[in-house]
Amino acid sequence: MLRYVIANWKMHGTLINNETFISAMAAYKPTGVEVGICVPAPYLFQLQQLCEGTECFWGAQDVSEHFEGAYTGEISVDMLQDFNTRYVIIGHSERRQYHAESSGTVARKLDRVMQTPNDRLVPIVCIGEHLSERQDGEVEAVLSEQLDPVISVLKLHPNRLALVAYEPVWAIGTGVVATPAEVVETHTWIAKYLYSSLAREVPLLYGGSVKADNAGILIDLPHVNGFLVGGASLKAETFKPLLDKCAI
């Protein structure tokens, strides 16, 4: 299966720094890995110009559940398609936490994206538990609550590509990484949960303080098909070594 490594720049970037980054990445292609860079919306046009003709795809960090209308500050699927956007992150834990996005909202956004034809826009649906929920033994309950509305949407679009990113909230930006045993246990559970409802495999990404130092171990674990990368994706000199670890 193809491996996916998706950069999530969050609220980082400048016109100058973005150009420097893409220039360093332009001719770089790790074998068997599809590379995506999800940037703040103001930089989508710039990334489209810089990345066309290179081995990097570009993506967005959020999308509206609405087609169009009086929704100030929202970004529609059609707007993303105007920039030939390849990827869009949906339901990141920071959106759930800071913008009160429910699992229902995430599913509605997913449904809007899945209505685009021919895999033109690929959703990356994020799920994950807080540390207290893991400590209380609630991981499966939390993840199933987040996944059930997503599964309902995926059933309606059996031929469309979608990625699911497991990001334990306690490991995002903290420098703490889930142990290989924790990743295997959780990814195996997610894979079986999805397959039991969909009868097909869904590529699973891991996210949470992924760096070149741990990527080589994590990428070879069962049901890990790639990564959603935060801090290590902001500079080419830290992103390239991580990608090297993922090459087949």
Side-chain angles (χ1 to χ4, degrees), residues 1-8 29-36 38 57 59 63 85-93 103 106-129 139-168 171 177-208 210 214-229 242-243 245-248:
M1 182 181 290
L2 183 68
R3 292 173 171 179
Y4 303 87
V5 179
I6 310 298
N8 177 15
K29 172 61 177 175
T31 305
V33 181
E34 183 161 299
V35 180
C38 292
F57 292 94
V63 68
T85 306
R86 168 68 171 168
Y87 290 105
V88 60
I89 298 171
I90 300 175
H92 192 279
S93 62
S103 296
V106 172
R108 290 190 293 274
K109 290 184 176 187
L110 174 63
D111 188 52
R112 181 65 64 196
V113 172
M114 295 295 272
Q115 293 179 45
T116 60
N118 303 323
D119 289 339
R120 284 186 58 195
L121 184 59
V122 177
I124 304 167
V125 181
C126 298
I127 60 173
E129 80 285 354
V139 175
E140 293 181 7
V142 171
L143 297 185
S144 61
E145 186 277 331
Q146 295 173 350
L147 282 171
D148 285 347
V150 168
I151 289 171
S152 296
V153 174
L154 294 180
K155 284 181 177 179
L156 301 175
H157 307 277
N159 299 315
R160 283 281 276 106
L161 175 63
L163 311 179
V164 170
Y166 169 62
E167 291 197 301
V177 185
T179 66
E182 289 171 329
V183 174
V184 169
E185 179 183 26
T186 309
H187 273 237
T188 299
W189 182 88
I190 295 169
K192 290 181 178 179
Y193 196 81
L194 291 169
Y195 194 87
S196 67
S197 297
L198 301 172
R200 69 178 190 272
E201 293 185 3
V202 176
L204 300 181
L205 312 183
Y206 173 76
V210 179
N214 54 43
I217 296 173
L218 296 173
I219 195 62
D220 288 329
L221 298 177
H223 305 295
V224 175
N225 306 114
F227 300 119
L228 184 58
V229 185
L242 189 157
L243 292 170
K245 300 289 187 178
C246 300
I248 299 174

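Atom set for the values below is all heavy atoms of this structure, side chains included, hydrogens, waters and symmetry mates excluded.
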To check you understand the geometry: which heavy-atom pair defines the closest contact between Ala171 and Ala178, and what is its length? CB-N, 4.5 Å
Report yes or no: do His223 and Glu201 form a side-chain donor-acceptor pair below 3.5 Å? no
Does Ile90 reach the side chain of Ile124, with side-chain heavy atoms less than 4.5 Å apart? no
Test item: side-chain donor near acceptor, Ser103 and Glu145, under 3.5 Å: yes
Quick check against the 3.5 Å criterion: does Asp119 have a side-chain atom that pairs as donor or acceptor with the backbone of Leu161? yes
Hey, are the side chains of Leu163 and Pro123 touching, using non-hydrogen atoms and a 4.5 Å cut-off? no
Can you tell if the side chain of Val35 reaches within under 4.5 Å of the side chain of Val33, non-hydrogen atoms only? yes
Walk me through whether Ile127 and Ile190 qualify under side chain to side chain contact (heavy atoms under 4.5 Å, CB included). CA-CA 10 Å; Ile127 60 173; Ile190 295 169; 3.8 Å; yes
Closest heavy-atom contact between Cys246 and Val5? SG-CG2, 3.9 Å
Which heavy atom of Val113 sits nearest a heavy atom of Val88, and at what distance? CG2-CG1, 3.9 Å
One pair to check against side-chain hydrogen bond (donor to acceptor under 3.5 Å, both in side chains): Tyr193 and Asp148. What are the steps and the verdict? CA-CA 10 Å; Tyr193 196 81; Asp148 285 347; 2.6 Å; yes
From CD1 (Ile219) to CG (Asn214), nearest 0.5 Å: 11.0 Å
Is there a donor-acceptor pair closer than 3.5 Å between any side-chain N or O of Thr186 and the backbone N or O of Val183? no
If we ignore hydrogens and angles and just use 3.5 Å, is the side chain of Asn225 paired with the main-chain N or O of Leu204 as donor and acceptor? yes
Determine the interplanar angle of the Phe227 and Tyr206 rings, folded into 0 to 90°, and report it as parallel if under 30°, tilted if 30 to 60°, perpendicular if over 60°. perpendicular
Output yes when Asp111 and Lys155 qualify as a salt bridge under the 4.0 Å nitrogen-oxygen rule, no when they do not. no
Sub-3.5 Å donor-acceptor pair from the side chain of Ser197 to the main-chain atoms of Leu194, do we have one? no
Heavy-atom count around Gln115 CD within 6.0 Å, excluding the residue itself: above 12? yes
With a 3.5 Å distance limit and no angle check, can you tell me whether Arg3 reaches the backbone of Gly32 through a side-chain donor-acceptor pair? no
Going by heavy atoms in the side chains, are Val125 and Gln146 under 4.5 Å from each other? no
Distance alone, cut at 3.5 Å: any donor-acceptor contact between the side chains of Thr85 and Arg120? no
Where Pro168 and Gly207 come nearest, the two heavy atoms and their spacing: CD-O, 3.5 Å
Nearest non-hydrogen partners of Tyr4 and Pro203, listed with the distance: CE1-CB, 4.1 Å
Calculate, to the nearest 0.5 Å, the distance between atoms CD and CD belonging to Glu129 and Glu140 respectively. 10.5 Å
Do Met114 and Val153 come close enough that some side-chain heavy atom pair is under 4.5 Å? yes
Quick check: do His187 and Pro222 have side-chain heavy atoms less than 4.5 Å from each other? no
Donor-acceptor pair, Arg160 side chain versus Thr116 backbone, under 3.5 Å? yes
Side chain to side chain, Ile6 and Cys38, heavy atoms closer than 4.5 Å: yes
Flag side-chain contact, heavy atom, 4.5 Å: Ile89 against Asn8: yes
Counting distance only, does the side-chain N/O of Glu34 pair as donor-acceptor with the main-chain N or O of Leu2 below 3.5 Å? no
Shortest non-hydrogen contact from Ala107 toward Val150: CB-N, 4.3 Å
Does Trp189 form a side chain to side chain contact (heavy atoms under 4.5 Å, CB included) with Leu143? I'd like the steps, not just the answer. CA-CA 10 Å; Trp189 182 88; Leu143 297 185; 3.7 Å; yes
Spatial distance of atom CZ (Arg200) from atom OH (Tyr195) [nearest 0.5 Å]: 11.0 Å
Just by distance, do the side chain of Glu185 and the backbone of Glu182 share a donor-acceptor pair under 3.5 Å? no
